[in-house]
Amino acid sequence: HDETPAAANDGLVEFARPEPKQAPKQTSANVEAALKVGALDLVADAGVDLGDVLAPPALERIAVSSRNGASARRRTVSELAPAAVSRVTRHMQRSEHALELATQFRSRPDLAKSESKAQSSDLVRAYLLIDAALA
């Protein structure tokens, strides 16, 4: 007679496997925080020290020129910080990730604000450089 041997675990209850852990949901606050950090890192990775570019008098000139539109603002940023804009531009040309992040950050000018005055100042400078570099 042909009796197939039973598997060792035949008849045993199969225990439920634990569900694989899922990544935490991306809340808008998490996304915004990641974009802010990413923008600051992008500028730093390009070799630009935000503390050394666009001092308050330069920011004032940029504010005045921005009354004539975005292209006037970008032109003024490029005139006042040509090396920084060039470095950010080259970094985005070398890194698709940097370009994608820059594009996302530029589409959210509201992110250039922060509770911290120092971080807000850096975010404004990063926004202006990224915006000019993307032009």
Side-chain angles (χ1 to χ4, degrees):
H1 84 207
D2 282 332
E3 197 171 302
T4 312
N9 67 351
D10 219 21
L12 295 179
V13 175
E14 193 172 311
F15 291 97
R17 290 192 186 99
E19 290 295 316
K21 290 207 184 243
Q22 295 184 353
K25 292 245 187 238
Q26 286 293 328
T27 65
S28 64
N30 290 347
V31 171
E32 290 173 2
L35 265 178
K36 288 179 179 185
V37 169
L40 294 173
D41 286 348
L42 183 156
V43 173
D45 291 347
V48 175
D49 181 348
L50 286 170
D52 291 343
V53 295
L54 303 176
L59 292 174
E60 185 61 37
R61 279 188 53 196
I62 294 164
V64 169
S65 73
S66 71
R67 294 179 191 133
N68 295 318
S71 59
R73 180 188 67 234
R74 291 179 190 119
R75 191 170 40 255
T76 302
V77 171
S78 293
E79 290 168 5
L80 294 171
V85 172
S86 177
R87 284 174 180 254
V88 173
T89 301
R90 284 195 313 267
H91 181 58
M92 290 187 303
Q93 289 169 341
R94 289 190 307 266
S95 167
E96 195 172 309
H97 172 73
L99 177 60
E100 184 179 317
L101 191 139
T103 304
Q104 290 174 4
F105 184 67
R106 182 171 75 169
S107 73
R108 296 285 311 274
D110 58 303
L111 295 182
K113 299 176 183 78
S114 173
E115 300 298 315
S116 150
K117 188 171 176 129
Q119 186 187 35
S120 183
S121 176
D122 283 350
L123 286 167
V124 167
R125 286 174 170 85
Y127 181 84
L128 292 169
L129 292 171
I130 288 169
D131 181 49
L134 284 171

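Count residues from 1 along the sequence.
Not counting sequence neighbours, S107 has no partner by the side chain to side chain contact (heavy atoms under 4.5 Å, CB included) test. Remark: R108 pairs with E32, D110 by the salt bridge (charged side-chain N to carboxylate O under 4.0 Å, His left out) rule, at least two apart or across chains.
Annotation: side chain to side chain donor-acceptor pair (under 3.5 Å) contacts involving residues 50-71, sequence neighbours excluded, comprise S65-T76. The list of side chain to side chain donor-acceptor pair (under 3.5 Å) pairs with a residue in residues 36-50, not counting sequence neighbours, is empty.
When all heavy atoms of H91 and A46 are compared, the pair lying nearest together is CB-CB, 3.7 Å. Residue A39 comes nearest to A126 through the heavy atom pair O-CB, 4.4 Å, listed as atom of the first residue, atom of the second, then distance.
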Let me have the donor-acceptor pairs involving side chains of residues 93-105, under 3.5 Å, with sequence neighbours excluded, atom names and distances please.
from	atom 1	to	atom 2	distance (Å)
S95	OG	H97	N	3.4
S95	OG	A98	N	3.0
T103	OG1	L99	O	2.8

Donor-acceptor pairs under 3.5 angstrom involving side-chain atoms of residues 128-135: please list them, not counting sequence neighbours.
from	atom 1	to	atom 2	distance (Å)
D131	OD1	R74	NE	3.0
D131	OD1	R74	NH2	3.2
D131	OD1	R106	NH1	3.3
D131	OD2	R73	NE	3.4
D131	OD2	R73	NH2	2.6
D131	OD2	R74	NE	3.1

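With contacts defined as side-chain heavy-atom distances shorter than 4.5 Å, the pair L54/L80 qualifies.
With respect to L50, the side chain to side chain contact (heavy atoms under 4.5 Å, CB included) criterion is satisfied by exactly one of D122, V124, L123: D122.
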